[in-house]
Amino acid sequence: MRLENKATIITGGGTGIGKETALLFASEGAKVVITDINQESGRQTVKDIQTNGGEAIFVHHDVSKEEDWKKVAEETINTFGKVDVLFNNAGIYIIKPLAEIELEEWNRLMAINVTGVFLGMKHIMPLMAKQNKGSVINASSIAGLIGSPGHVLYGASKGAVRIMTKDAAMEYASAGVRVNSIHPGYIDTGMADYASEVSGNSKEELGKTLFPLGHLGSVKDVAYTVLFLASDESAYTTGSEFVIDGGATSR
């Protein structure tokens with residue numbers, strides 16, 4: 001019960017890392033607010049949590065829209081009376097050569113990956129500050145740490161998340177609110193399926209080629225790192241980067 005009675009928000013909680021983290025949070029005693037643009041998958045995560053005896057609600061949510069964030073904050077407080085943890089997980093992935101990136105694509109990805117994180121921190125961290133405690137976990141990527149062909153757009157978004165995390169951590173440290181970023185490599189989700197399709201390599205080949213441990217990460221690998229950062233076990237940790245990449249960035 002590492003998150004017993006903690007009220008938590010997980011964006012993009014309908015699939016992949018978000019869903020796995022939501023299920024883990026609930027099993028550790030958290031009350032979970034699932035948000036997602038996809039109502040069907042988001043509601044299914046809530047159903048799965050409730051079936052196992054956990055507490056969860058769903059809020060339909062476009063992370064790039066400020067009014068939606070206000071709704072998420074309001075419904076969380078109205079339902080659970082507080083907010084202890086925010087996992088800014090929602091994001092999209094585009095691999096494309098620099099000269100071929102359309103401005104519309106740039107703006108759309110930035111709206112979700114960067115503006116979404118900014119709005120989440122803007123509307124949730126002040127609520128945490130009133131409680132003098134809280135933990136925010138922002139999903140960046142190893143693409144926010146190292147360069148890679150075809151990743152100017154995605155890497156720019158994740159680099160922004162990385163430094164926003166540090167800035168917010170410094171701004172809210174005196175209020176007892178912690179902010180950290182996670183930096184996964186390829187995890188076995190739909191994004192890895194997409195990378196496999198674009199590169200022409202199987203996921204198994206990507207795992208062996210890119211990661212010294214020899215395979216892609218699992219959603220559990222990420223979820224347990226997020227759990228640590230959400231829990232009081234990481235009480236003295238803020239503004240830090242947590243790399244989950246099978247050793248890739250150590251080369």
Side-chain angles (χ1 to χ4, degrees), residues 1-13 17-18 21-22 24-35 54-57 59 61 63 66 68-91 113-140 144 158-184 222-244:
M1 302 298 283
R2 295 162 72 184
L3 299 181
E4 188 171 12
N5 291 323
K6 288 188 182 291
T8 65
I9 300 169
I10 299 176
T11 67
I17 292 168
T21 303
L24 180 60
F25 274 21
S27 74
E28 293 286 348
K31 302 171 182 180
V32 189
V33 178
I34 302 297
T35 90
E55 289 187 67
I57 64 169
V59 181
H61 185 200
V63 295
E66 188 156 26
D68 279 17
W69 270 109
K70 291 177 181 178
K71 179 178 66 176
V72 169
E74 182 180 358
E75 294 202 23
T76 301
I77 296 299
N78 287 346
T79 304
F80 298 125
K82 60 176 183 170
V83 55
D84 299 298
V85 178
L86 167 64
F87 179 26
N88 274 315
N89 165 71
N113 290 11
V114 180
T115 304
V117 172
F118 154 68
L119 289 173
M121 293 193 295
K122 174 184 176 180
H123 289 283
I124 303 303
M125 290 180 67
L127 300 177
M128 294 176 169
K130 289 179 181 178
Q131 306 164 175
N132 293 311
K133 64 177 181 178
S135 176
V136 177
I137 304 98
N138 292 329
S140 181
K158 294 306 183 178
V161 169
R162 172 180 175 267
I163 202 65
M164 283 197 304
T165 296
K166 295 180 183 297
D167 293 331
M170 295 304 95
E171 188 169 331
Y172 276 80
S174 63
V177 180
R178 303 183 294 109
V179 197
N180 295 285
S181 58
I182 59 167
H183 299 259
V222 180
Y224 274 102
T225 302
V226 179
L227 171 62
F228 167 71
L229 292 172
S231 76
D232 294 337
E233 295 161 19
S234 58
Y236 199 57
T237 301
T238 195
S240 296
E241 303 162 4
F242 286 76
V243 181
I244 314 159

### Task
Say whether, by atom type as modelled, one donor and one acceptor occur between the side chain of T165 and the main chain of N180 under 3.5 angstrom.
no

#### Entry: Minimum side-chain heavy-atom gap T238-Y172 below 4.5 Å
no

### Query
Is any side-chain heavy atom of R178 less than 4.5 Å from a side-chain heavy atom of S234?
yes

### Message
If I compare all heavy atoms of Q131 with all of K82, which pair ends up nearest, and what's the gap?
### Response
OE1-CB, 3.2 Å

### Message
As a quick check of understanding, evaluate side-chain contact (heavy atoms from CB on, under 4.5 Å) for H183 and K158, giving each step before the final call.
### Response
CA-CA 9 Å; H183 299 259; K158 294 306 183 178; over 6 Å; no

### Considering all heavy atoms, the nearest N88-V136 contact
ND2-CG1, 4.1 Å

## Note on the structure
Minimal heavy-atom distance between E75 and I57, with the atoms involved, is O-CD1, 4.2 Å

### Message
Would H123 and L86 count as a side-chain contact (heavy atoms from CB on, under 4.5 Å) here? Give the steps.
### Response
CA-CA 11 Å; H123 289 283; L86 167 64; over 6 Å; no

### Query
Does some side-chain heavy atom of I244 sit less than 4.5 Å from a side-chain heavy atom of Y224?
no

#### Entry: Considering all heavy atoms, the nearest S140-S181 contact
CB-CB, 4.5 Å

### Task
Check A22 against I34 and note the closest heavy-atom contact, atom names and distance.
CB-CD1, 3.3 Å

### Ion pair check, E66 and K122, cut-off under 4.0 Å
yes

### Query
How about W69 and I124: do any of their side-chain heavy atoms sit closer than 4.5 Å?
yes

### Task
Report yes if some heavy atom in the side chain of K31 is under 4.5 Å from a heavy atom in the side chain of T79; otherwise report no.
no

### Task
State, with a plain yes or no, whether a side-chain heavy atom of M164 is found less than 4.5 Å away from one of N138.
no

### Query
Checking side-chain contact (heavy atoms from CB on, under 4.5 Å) for the pair D167/I163: CA distance, chi angles, key distance, verdict?
CA-CA 6 Å; D167 293 331; I163 202 65; 4.2 Å; yes

### Query
Under 4.5 Å between any side-chain heavy atoms of I137 and F242, yes or no?
no

### Summary
Of all heavy-atom pairs linking F25 and I10, the shortest is CD2-CD1, 3.8 Å

### Query
Should I9 and T35 count as side-chain neighbours, where that means a heavy-atom distance under 4.5 Å?
yes

